[in-house]
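Here the structure is a predicted model, which is why all the values come from computation and not from measurement. Atoms within each ligand, like the ligands themselves, are counted from 1 in listed order.
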Amino acid sequence: MTAPARFTSRRVRAMPGSVFAAMDAAKSDARRSGLDVIDLSIGASDLQPPAVALDTLRAAVHDPATHAYCLHSGTAPLREAVADWFERRFALRVDPETQVLPLIGAQEGFAHLLLACADPGDAVLLPDPAYPSYFGAVAAAGLETVALPLRAERGFLPDLGLVDVADAARARALVLSYPNNPTAGVATPAFFDEALRFAERHDLLLIHDFPYVDLVDDVADAPSVLTRPGALERAVEIYSASKSFHMGGFRLGWAIGQADALAALARLKGAVDFNQYLGIQRAVAAALREPDEARRADAATFTERREVLVESMAAISWHAPMPRASMYVWAALPAGRRDSVAFAEGLARTTGVALAPGVAFGPSGEGYVRFALVRGPEALRQAVARIRAYLD
Ligand SMILES: Cc1ncc(COP(=O)(O)O)c(C=O)c1O
């Protein structure tokens, strides 16, 4: 849809369109022609939220104390549950008053953090490919993007040595996200140390979007940048109940890290929202206090799915690397195909299998498609069988 010319700010006009609209049309066409759609195009977890979260929310709805506004920086019990969970997971204590801030989802937090910490005309160093809402958030904040290409041969870690010195000098923030969407790449503590030194040198806020912290085979593949030396003075990490607890529709996330950045974000949010509903804050606090075994079991579900998918693809000679984390498989297009939108649209229309075209995540995503592992093994095998027929 083209934005109407009237009553539309320059910042909104600068926001990029989405190729997901083309995928929606292709999925509708497939349904109209009687195909049942296997939708692997969107990373919305199909697993259930923890029972304790749902039970806590059910009880909270009937407690009038939860019906009021939540004025400041979320509730203390949620901030404490976040700090306790972080300490359990990463052996580092953060201050729940100054170094933790509840969000209405990671996406909200990211967009407002840019508004809170950078000024129009500043640049931001942004991975390419990346989670698409980053592009809109950058445009809405009036910032300029300096793209950091992510390449398979570097494990989808950016080469910070290639950043132009003038670009680094006008930048205010460096954005990273590992385990990565869409590439499923993972970061090492050594890479985070390098990124922190780079951020230090150029006086950047390091924003680490970290919603896939729990979706790893081995927790060593999801290090927190905040545990690295000096990071609490330089970095903010953003977490999400959407991925850790399969609560995408409940809208809750949290930021941990640099206190001034979080104070700026809290101040900005004070003008925009009154935080998430208190009952949902209670529900997520209860989930955060559960033993981590449940998270490991959910992670194992995604491990099994990625093995099923990657092995079924290999059996039809479409070879994608086996990811160690996230809920995605990032695959170079089959031989002879170069246009990810044409491929994904054609596949969805003809077979009902919907994938995300790589270019939806940025120019460096062209030539790839992303499978979201949001259906069980049977559906994944079925999807590959249909792809085989399509490619034949
Ligand atoms: C990298 C990344 N950040 C943020 C989000 C959105 O998270 P939330 O639902 O908490 O806004 C997603 C969702 O897929 C994501 O992949």
Side-chain angles (χ1 to χ4, degrees), residues 18 20 23 39-47 49 53 74 78 82 100-115 124 126-138 140 148 150 156-158 173-187 206-216 221-222 224-225 236-257 265 269 272-273 275-277 280-281 283-284 287-288 298 302 323 325-330 354-356 358 360-362 365 370-374:
S18 164
F20 283 99
M23 285 307 297
D39 192 351
L40 309 178
S41 67
I42 294 174
S45 174
D46 61 327
L47 304 191
L78 176 57
V82 165
V100 175
L101 184 68
L103 306 169
I104 305 182
Q107 184 159 306
E108 174 272 311
F110 180 86
H112 283 145
L113 183 59
L114 292 184
L115 277 172
V124 54
L126 205 66
D128 168 28
Y131 179 55
S133 96
Y134 295 167
F135 306 126
V138 165
L148 303 174
L150 307 184
F156 299 109
L157 298 173
L174 163 64
V175 176
L176 299 171
S177 183
Y178 294 95
N180 186 254
N181 177 11
T183 66
V186 294
L206 197 168
I207 302 174
H208 182 222
D209 192 19
F210 198 15
Y212 300 100
V213 56
D214 284 312
L215 298 187
V216 277
D221 278 329
S224 163
V225 71
V236 168
E237 239 163 23
I238 301 180
Y239 296 83
S240 170
S242 306
K243 310 299 173 185
S244 285
F245 303 124
H246 321 293
M247 296 176 72
F250 294 78
R251 312 308 305 136
L252 199 109
W254 56 94
I256 307 179
L265 176 55
K269 280 167 63 58
V272 178
D273 64 63
N275 299 289
Q276 185 46 274
Y277 166 53
I280 291 176
Q281 295 192 51
V284 172
L288 283 163
D298 289 350
F302 286 103
S326 85
M327 52 200 289
Y328 307 110
V329 169
W330 182 241
L355 309 177
F361 303 93
R370 189 197 71 178
F371 292 75
L373 302 167
V374 294

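Judged by distance alone, the side chain of R370 and the main-chain N or O of L355 form no donor-acceptor pair under 3.5 Å. Between the E237 side chain and the G257 main chain, no donor and acceptor come within less than 3.5 Å of each other.
At least one side-chain heavy atom of F361 sits less than 4.5 Å from a side-chain heavy atom of P132. Counting only heavy atoms from C-beta outward, the side chains of K243 and D214 never approach each other to under 4.5 Å. Within the 4.5 Å cutoff, the side chain of V175 has heavy atoms near those of the P127 side chain. Side chains of D39 and V374 form no contact here, defined as non-hydrogen atoms less than 4.5 Å apart. F110 places none of its side-chain heavy atoms less than 4.5 Å from the side chain of Y131. Side-chain contact check for Y178 versus V225: every heavy-atom pair is 4.5 Å or farther apart. No side-chain heavy atom of P179 sits under 4.5 Å from any side-chain heavy atom of L215. Under the 4.5 Å side-chain criterion, counting only non-hydrogen atoms from C-beta, N181 is not in contact with S326.
Closest to atom 1 (C) of ligand 1 among all protein heavy atoms lies D209 OD2, 3.2 Å. Scanning all protein heavy atoms for the shortest distance to atom 9 (O) of ligand 1 gives S242 OG, 2.6 Å. The nearest heavy-atom contact from the protein to atom 12 (C) of ligand 1 is Y131 CZ, 3.4 Å. The protein non-hydrogen atom at the shortest distance from atom 14 (O) of ligand 1 is K243 NZ, 2.9 Å. At the top of the distance list for atom 7 (O) of ligand 1, counting protein heavy atoms only, stands A106 CB, 3.6 Å. Summary of contacts: the protein heavy atom closest to atom 11 (O) of ligand 1 is R251 NH2, 2.7 Å.
Short contacts between ligand 1 and Q107, defined as distances under 4.0 Å to a heavy atom of the residue, involve ligand atoms 8 (P), 11 (O). For ligand 1 and G105, the ligand atoms under 4.0 Å from any heavy atom of the residue are 10 (O), 11 (O). Near N181, with a cut-off below 4.0 Å to any heavy atom, the atoms of ligand 1 are 15 (C), 16 (O). Against a heavy-atom cut-off of under 4.0 Å, Y134 is close to the following atoms of ligand 1: 1 (C).
In W254, neither the side chain nor the backbone holds a heavy atom less than 4.0 Å from any atom of ligand 1.
Polar contact check, E108 against ligand 1: no nitrogen or oxygen pair lies under 3.5 Å apart.
Ligand 1 has no atom lying under 4.0 Å from any heavy atom of Y178. Remark: distances from the non-hydrogen atoms of Y212 to ligand 1 include one below 4.0 Å. Proximity of G248 to ligand 1 is not established, as no heavy-atom distance is less than 4.0 Å.
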